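Lettering follows sequence order; numbering is per chain, from 1. Since the structure is predicted, the reported quantities are computational estimates derived from the model, not experimental observations.
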Protein chains: 2
Amino acid sequence: MITNKNCIIRLSRYKNALYRLQALGFVKVFSDNLADAVGGTASQVRKDFSIFGISGNKKGGYQIDSLLEKMNSILGKDQLQKVVVVGAGHIGSALMRYRGFEKEGIKIVAGFDIDPAKINRSNPVPVLPLEEAKSFIKSNGIRIAILAVPDIAAQQAADLICASGIKGILNFAPLGLKSGDGCIINNVNLEIELENLIYFVNVTEKTK
Amino acid sequence: MITNKNCIIRLSRYKNALYRLQALGFVKVFSDNLADAVGGTASQVRKDFSIFGISGNKKGGYQIDSLLEKMNSILGKDQLQKVVVVGAGHIGSALMRYRGFEKEGIKIVAGFDIDPAKINRSNPVPVLPLEEAKSFIKSNGIRIAILAVPDIAAQQAADLICASGIKGILNFAPLGLKSGDGCIINNVNLEIELENLIYFVNVTEKTK
DNA sequence: ATCATATTGTTCTATTTTTCACAATAACAT
DNA sequence: ATGTTATTGTGAAAAATAGAACAATATGAT
Ligand SMILES: NC(=O)c1ccc[n+]([C@@H]2O[C@H](COP(=O)([O-])OP(=O)(O)OC[C@H]3O[C@@H](n4cnc5c(N)ncnc54)[C@H](O)[C@@H]3O)[C@@H](O)[C@H]2O)c1
Ligand SMILES: NC(=O)c1ccc[n+]([C@@H]2O[C@H](COP(=O)([O-])OP(=O)(O)OC[C@H]3O[C@@H](n4cnc5c(N)ncnc54)[C@H](O)[C@@H]3O)[C@@H](O)[C@H]2O)c1
């Protein structure tokens with residue numbers, strides 16, 4: 001099993017680059033083309049492919065469509081991924097309105113909120129009361145949730161959805177959540193992203 | 001110079017954990033407390049501290065306030081960081097309304113957009129026409145920008161703000177931007193974050 | 001048919017990052 | 001004062017990741 005997160009991220013990048021190349025009319029690609037496209041080395045491209053059991057043709061490179069097929073299968077994109085959003089506030093509703101996930105085979109199917117004013121069953125992505133989350137998640141077999149509730153409510157909300165069958169949470173609250181029974185939590189911490197950027201801007205400024 | 005991004009991210013996490021511990025009334029902390037708080041190892045905490053030249057007291061642990069002082073200085077938090085948002089759409093305006101950055105010493109001072117309908121000079125965070133971006137950035141000495149324009153406009157907008165003096169960009173458009181003259185670009189790619197989460201949920205599901 | 005060439009796939013090497021281990025030592029107890 | 005203990009700080013070991021090198025080989029040229 002591959003546990004290297006960066007490796008999976010690179011796989012997503014390769015896939016996106018391949019779609020762009022395909023759209024430009026390319027049919028095959030070489031490891032160094034792909035390396036250029038994602039800003040890596042040809043060695044690493046081939047190494048990654050080897051890890052995933054993806055093979056090409058000596059001297060002939062890789063067929064883009066077959067590459068994409070394999071990558072999509074590895075990334076679980078051969079079936080539509082249904083996702084729910086918990087917390088239909090600023091971030092939550094920006095995500096629910098965003099159309100860009102669909103072209104990636106990711107569909108936000110519902111939002112949940114405790115605030116009655118946020119409920120709207122006739123939205124393109126309906127926003128439902130939090131009490132309905134458990135049954136909705138269970139009956140639709142949802143495994144992935146985006147958590148966008150205020151910090152103070154995040155742990156409780158995480159516990160609820162884990163108990164409802166959610167297996168992976170993308171958490172926007174800037175704190176570390178504890179996860180029970182095998183639910184994976186990935187954090188998007190924008191404060192930390194900005195701090196990080198500021199740090200590197202400062203140090204490159206100083207050393208110059 | 002420390003170039004290890006994860007190390008800086010951990011530093012942010014330590015800092016956040018320390019604020020929480022401080023709020024709970026703690027005055028000093030040991031490496032293993034901090035490790036627990038951020039989900040790491042005591043060894044790594046001490047190693048990180050050693051890398052940054054942070055020292056504590058044998059048997060006495062670390063004074064929280066002095067730790068915070070040093071970390072804030074390393075992370076450039078001893079002065080208010082002014083940030084602009086380019087693209088006042090869904091994501092951009094969610095960020096501009098978010099109050100959470102301020103307690104981190106990060107202040108979004110303006111947004112910029114090409115759509116006249118988005119312009120609003122009397123907002124708490126004013127949204128100004130893109131044409132004013134260059135002079136605003138220059139005259140206010142802004143170094144950090146958040147880029148939240150549609151994918152197709154992202155490279156052009158990045159070029160513009162780099163040329164205006166921006167040194168670091170937090171980019172939300174799901175594509176790799178080229179950066180000229182020493183401008184650092186960090187990407188927040190939510191599609192990839194979700195794909196990654198889905199991958200790990202799938203593999204843990206399978207191996208179970 | 002043979003040769004030269006380009007490109008993969010993998011092994012070997014280097015680098016980076018994390019973890020381990022323990023000497024040094026400050027605080028506390030007796 | 002002396003001894004005991006807890007905890008740091010760091011150098012060495014291990015693990016993980018990335019990169020370089022090159023043998024294997026398919027392709028196309030002659
Ligand atoms: N908005 C941003 O730009 C931004 C940036 C970084 C981090 N965040 C983080 O993202 C999270 C959401 O931020 P936001 O700005 O969207 O907040 P928000 O206040 O706009 O929205 C939160 C929503 O969650 C709902 N809610 C509260 N408790 C709930 C619960 N237990 N279950 C379901 N819904 C619940 C609220 O009714 C509200 O609609 C916060 O943790 C915040 O720190 C936001
Ligand atoms: N909304 C989301 O949840 C989400 C999720 C993932 C990624 N993204 C990415 O974030 C970016 C913004 O998404 P969004 O949903 O906020 O889009 P949006 O269409 O709501 O907003 C984009 C804004 O940028 C403005 N704009 C266009 N060209 C500009 C230019 N050259 N300079 C300044 N402003 C300009 C538009 O007028 C608009 O107000 C996109 O790249 C998108 O792919 C968004």
For the residue pair Y98(B) / E191(A), report whether a side-chain donor-acceptor contact shorter than 3.5 Å exists. yes
So, is R10(A) close to the dA18(D) phosphate, meaning a side-chain N or O under 4.0 Å from OP1 or OP2? yes
Below the 4.0 Å mark, does dG9(C) have OP1 or OP2 next to a side-chain nitrogen or oxygen of S50(A)? no
May I ask you to say what Y62(B) touches in the nucleic acid, namely base, sugar-phosphate or nothing, with a heavy-atom cut-off under 4.0 Å? sugar-phosphate
Between N140(A) and I142(A) (side chain of the first, backbone of the second, donor and acceptor by atom type, cut-off under 3.5 Å), is there such a pair? no
Looking at dT7(D), I'd like to know if its phosphate oxygens (OP1 or OP2) sit under 4.0 Å from a side-chain N or O belonging to N33(B). no
Rounded distance (Å) that lies between atom P of dT5(C) and atom CG of D32(A): 18 Å
Without decimals, in angstroms, what is the distance between K58(A) NZ and dT7(C) P? 14 Å
Where each residue is assigned the nucleotide of DNA chain D containing its nearest heavy atom, which of N57(A) and K5(A) is assigned the position nearer the 5′ end? K5(A)
Using only side-chain N and O atoms of T41(A), determine if any of them is under 4.0 Å from OP1 or OP2 of dG19(D). yes
Length of the CD1-P vector between I9(B) and dT18(C), whole Å: 11 Å
What is the distance from CD of Q44(B) to P of dA16(D), rounded to the nearest Å? 14 Å
Does a side chain donor of either D78(B) or N72(B) reach within less than 3.5 Å of an acceptor in the other side chain? no
Please report the distance, rounded to the nearest Å, between CZ in R46(B) and P in dA21(C). 13 Å
Measure CG/L34(B) against P/dG9(D) and give the value in whole Å, please. 13 Å
Side chain S73(B), main chain E69(B), donor-acceptor under 3.5 Å: no
How about D159(B) and Q155(B): does a side-chain donor come under 3.5 Å of a side-chain acceptor? yes
Of G60(A) and G40(A), the one whose closest DNA chain D nucleotide lies more 5': G40(A)
Base dT18(C) to side chain K47(B), donor-acceptor N/O within 3.5 Å cut-off: no
Between P of dA26(C) and CD of Q63(B), the distance in whole Å: 15 Å
May I ask you to verify if any side-chain N or O of S43(B) is less than 4.0 angstrom from the OP1 or OP2 atom of dC20(C)? no
Rounded to the nearest angstrom, tell me the gap between atom NZ in K28(A) and atom C1' in dT7(C). 10 Å
Do the side-chain N or O atoms of N4(B) get closer than 4.0 angstrom to the phosphate oxygens (OP1, OP2) of dT17(C)? yes
